[in-house]
Protein chains: 2
Amino acid sequence: MNRRSEVVDAAERILEREGPDAVTMRRLADELGIQAPSLYKHVAGKTEIQTALQQRALERLGAVLTAAGADLPTLVAAYRRWALQHPRLYELSARHPLDRQRLASGIEAAAAAPLLRVTGGNIAAARAIWGFAHGLVDLELANRFPPDADLDAAWAHAINAFAVYCTP
Amino acid sequence: MNRRSEVVDAAERILEREGPDAVTMRRLADELGIQAPSLYKHVAGKTEIQTALQQRALERLGAVLTAAGADLPTLVAAYRRWALQHPRLYELSARHPLDRQRLASGIEAAAAAPLLRVTGGNIAAARAIWGFAHGLVDLELANRFPPDADLDAAWAHAINAFAVYCTP
DNA sequence: TGATCGAAGCTAACAACGTTAGCCAGCTCG
DNA sequence: CGAGCTGGCTAACGTTGTTAGCTTCGATCA
């Protein structure tokens, strides 16, 4: 039995239930019926937990995108839906620099694969699409649009603009 | 003499020189030759300082965009350039929710105006462009692209896709 | 069976954080 | 001259991540 993953599980639970500020070493230990310093028997520190959550988020997002479909609109819609359903996990995974040393290799590529499929292998186009999807989600999550903004329309415009890459 | 702005000045200096983690109340007080609690005679707390920096960043970015020009490519290029030149300030300003209560009104609109000009008043399109510019910058700043990624190409693709809105 | 040893818990503690309370010097103004 | 505001100070509190060092329990091995 790997206690490390139980720690990460608990961290995820707290993150979803009570937000990022609640994910504290003591609160985390509490969730496991343990004292804070004991966590360090299973985990190197808080940053390791964050990296693990980041990795989880990337895996799940990748899976969702892979299952989503092959055309740009549904793919992008799936991206947006996942992010809005798991806002804390999304923020954690998207905002922090990728620690490529610690991150299992292949995960990044797996998450990006569906995008590449949709652009017909055009890497630059895939990155551009990733960029606009992340940007719109990020602004939306950070409340950067006025409360009355019609975000669906903005997404539609962006999808429309990029559709050229998918229908050659 | 308004000491409040001196505090914010010092915060900005520390932010640029030593990064966000260094912007601490004690470090800030130190920069001003003062003890930490004295800061509270000029400023309500740390969040107020952050909001002030956010406002500054928005103002400057707005000014840069206004001066940049009237076509999409130069506008977007100016956006990217400013963000990469002031990465910490950009992160601070873009990642945190906007406190519209405290933020002087009009600043948001002023920053968005050049974008609107370029889309011919199409709000949804302006938001879409803002989204992709922010997204690409954000991913770039967070090291989310592989080290060998050709980001210029990604930007070019995005600009190209959106060019339809500017050349009717 | 008994000795050993590592895994996994504990308490105590440290440094740094944001913040509050309360005191005191000095300047300004009536 | 005295009142009061301005802006500094020290001491302290609660919380954060983390370390040191002790104990306890269960498995492994001679």
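Keep in mind that this is a model prediction, so the values were computed, not measured.
- Separating the CZ atom in A:Phe162 from the CG atom in B:Asn160 is a distance of 9.5 Å, to the nearest 0.5 Å.
- Salt bridge status for B:Asp152 with B:Arg80: present, with a side-chain N to carboxylate O gap under 4.0 Å.
- The interatomic distance linking A:Glu6 (CD) with C:dG9 (C1') rounds to 15 Å, in whole Å.
- Between the side chain of B:Arg3 and the base of D:dG7, no donor-acceptor pair under 3.5 Å is found.
- Atom CD1 in A:Ile34 sits roughly 8 Å away from atom C1' in C:dA8 (whole-Å rounding).
- Distances from the side chain of B:Met25 to the nucleotides D:dT19, D:dC9, C:dT19 place C:dT19 closest.
- The side chain of A:Lys46 sits closest to D:dG17 out of D:dG8, C:dG9, D:dG17.
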Problem - Derivation and outcome, salt bridge (charged side-chain N to carboxylate O under 4.0 Å, His left out), residues B:Glu31 and B:Arg17 - result: CA-CA 12 Å; B:Glu31 177 90 4; B:Arg17 280 204 309 252; 3.0 Å; yes

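- Taking atom CG on B:Asp30 and atom P on C:dA16, their separation rounds to 12 Å, with Å as the unit.
- Distance B:Tyr40 OH to C:dG22 C1': 16 Å, rounded to the nearest Å.
- Contact annotation: A:His42 side-chain N/O to C:dG9 OP1/OP2 distance is under 4.0 Å.
- Protein atom CZ of B:Arg26 is 13 Å distant from nucleotide atom P of D:dC9, rounded to whole Å.
- The one candidate from B:Arg88, B:His96, B:Arg95 that meets the side-chain contact (heavy atoms from CB on, under 4.5 Å) condition with B:Leu92 is B:His96.
- A:Gln35 has its CD atom 8 Å from the C1' atom of C:dT11, to the nearest Å.
- With hydrogens and angles ignored, a donor-acceptor pair closer than 3.5 Å exists between the side chain of A:Lys41 and the base of C:dG9.
- In summary, the aromatic rings of B:Trp130 and A:Phe145 are positioned with their centroids under 6.0 Å apart.
- Atom CG of B:Leu39 is separated from atom P of D:dG8 by 9 Å (rounded to the nearest Å).
- If you measure from atom CD1 of B:Ile14 to atom P of C:dC17, you get 11 Å, rounded to the nearest angstrom.
- Counting non-hydrogen atoms under 4.0 angstrom, A:Thr24 reaches the backbone sugars and phosphates but no base.
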